[in-house]
Amino acid sequence: MNMIDKGRRNALYFGGAATLSALFAAPLALAQSGTDATASNKRKVEEGLTAWSRGTGSVLSVLSDDIKWTIPGNSLIAGTTVGKNELNQKINIPFGARFAQSTDKFRPIAINGIYGDADMVIAHFQGRGIANDGKPYVNNYAWFLKMRDGLAVEGTAFFDSVAFNDLWTRVPVGNVRRE
């Protein structure tokens, strides 16, 4: 075999190996970056819930300003809101007002799990607080959060609507300050 044939064979061999390596490495790199994004999203949601549970922050920091929030089912607040402002006005402010006079505000007391797959994060937690009427409100929540750029752009919240409706009707809001 002459030198030219040997050089061509080596070039073909190394060129083919490089091509195969690139073909196999690209999906691995994409999977790795997807895994990194999933882990980052899970961490942000967990940090938000943990800060809320400690009273040092709010899970609202994880929600985008244009969040689409859906509560399926038959609770008194079932439906969809669009935007953090509408979510606050229709749900968060009236909910918080029902605990405003309590020293034991509603917060997560147990994070049962944070699960992630691609851009979806599921947070399963139990929350508890003493309402303004002195009675406890306890509920389990599962939030399905579609993440983009580290923020939830869509959320679906599942919870016990019987317990929620009892709180919503039992504890009057009074004069709620609108922010």
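Atoms considered below: every heavy atom in the structure, side chains included; atoms not considered: hydrogens, waters and symmetry mates. The shown structure was predicted, so the numbers you read here are calculated from the model rather than taken from an experiment.
Note: F158 CZ to T156 OG1 = 6.0 Å, rounded to the nearest 0.5 Å.
Applying the salt bridge (Lys or Arg N to Asp or Glu O under 4.0 Å) criterion to E86, with sequence neighbours excluded, gives K90. In this structure, the side-chain hydrogen bond (donor to acceptor under 3.5 Å, both in side chains) partners of T70, at least two apart in sequence or on a different chain, are T80. A search for salt bridge (Lys or Arg N to Asp or Glu O under 4.0 Å) contacts involving K135 returns nothing, not counting sequence neighbours. Qualifying ring-ring contact (aromatic ring centres under 6.0 Å, His included) partners for Y115, counting only residues two or more places apart in sequence or in other chains: none. Scored by the side-chain hydrogen bond (donor to acceptor under 3.5 Å, both in side chains) test, D160 finds no partners at all (sequence neighbours excluded). Here D166 pairs with R170 under the salt bridge (Lys or Arg N to Asp or Glu O under 4.0 Å) rule; sequence neighbours left out.
When all heavy atoms of Y137 and A163 are compared, the pair lying nearest together is CE1-O, 3.6 Å. When all heavy atoms are compared, the tightest approach of G73 to A78 is O-CB, 3.3 Å. In terms of heavy-atom proximity, L49 sits nearest to P108 at O-CG, 3.9 Å. Of all heavy-atom pairs between S75 and F164, the closest is CB-CD2, 4.4 Å. Shown here for I114 and A123, the closest heavy-atom pair between the two residues is CD1-CB, 3.8 Å. Shortest non-hydrogen contact noted between G155 and I67 is N-CD1, 3.9 Å.
Side-chain contact between L63 and W69 is present, with heavy atoms from C-beta onward closer than 4.5 Å. Side-chain contact between L87 and N92 is present, with heavy atoms from C-beta onward closer than 4.5 Å. You'll find the side chain of L145 stays beyond 4.5 Å of the side chain of I122, heavy atoms only. Considering only heavy atoms from C-beta on, N85 stays 4.5 Å or farther from D65 through its side chain. Within the 4.5 Å cutoff, the side chain of V45 has heavy atoms near those of the M147 side chain.
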Check: Yes or no on side-chain contact (heavy atoms from CB on, under 4.5 Å) for Q126 and N139, after CA distance, side-chain angles and deciding distance?
Finding: CA-CA 6 Å; Q126 182 179 52; N139 212 330; over 6 Å; no
Next item on the list: Start with the C-alpha gap between R148 and D119, add the side-chain angles, then the distance that decides, and say whether side-chain contact (heavy atoms from CB on, under 4.5 Å) holds.
Entry: CA-CA 7 Å; R148 185 180 323 124; D119 64 353; over 6 Å; no
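A distance below 6.0 Å separates the ring centres of F95 and F106. Ring centers of W143 and F125: under 6.0 Å apart, within the cut-off.
Using a 4.0 Å cut-off between charged side-chain N and carboxylate O, R128 and D104 make a salt bridge.
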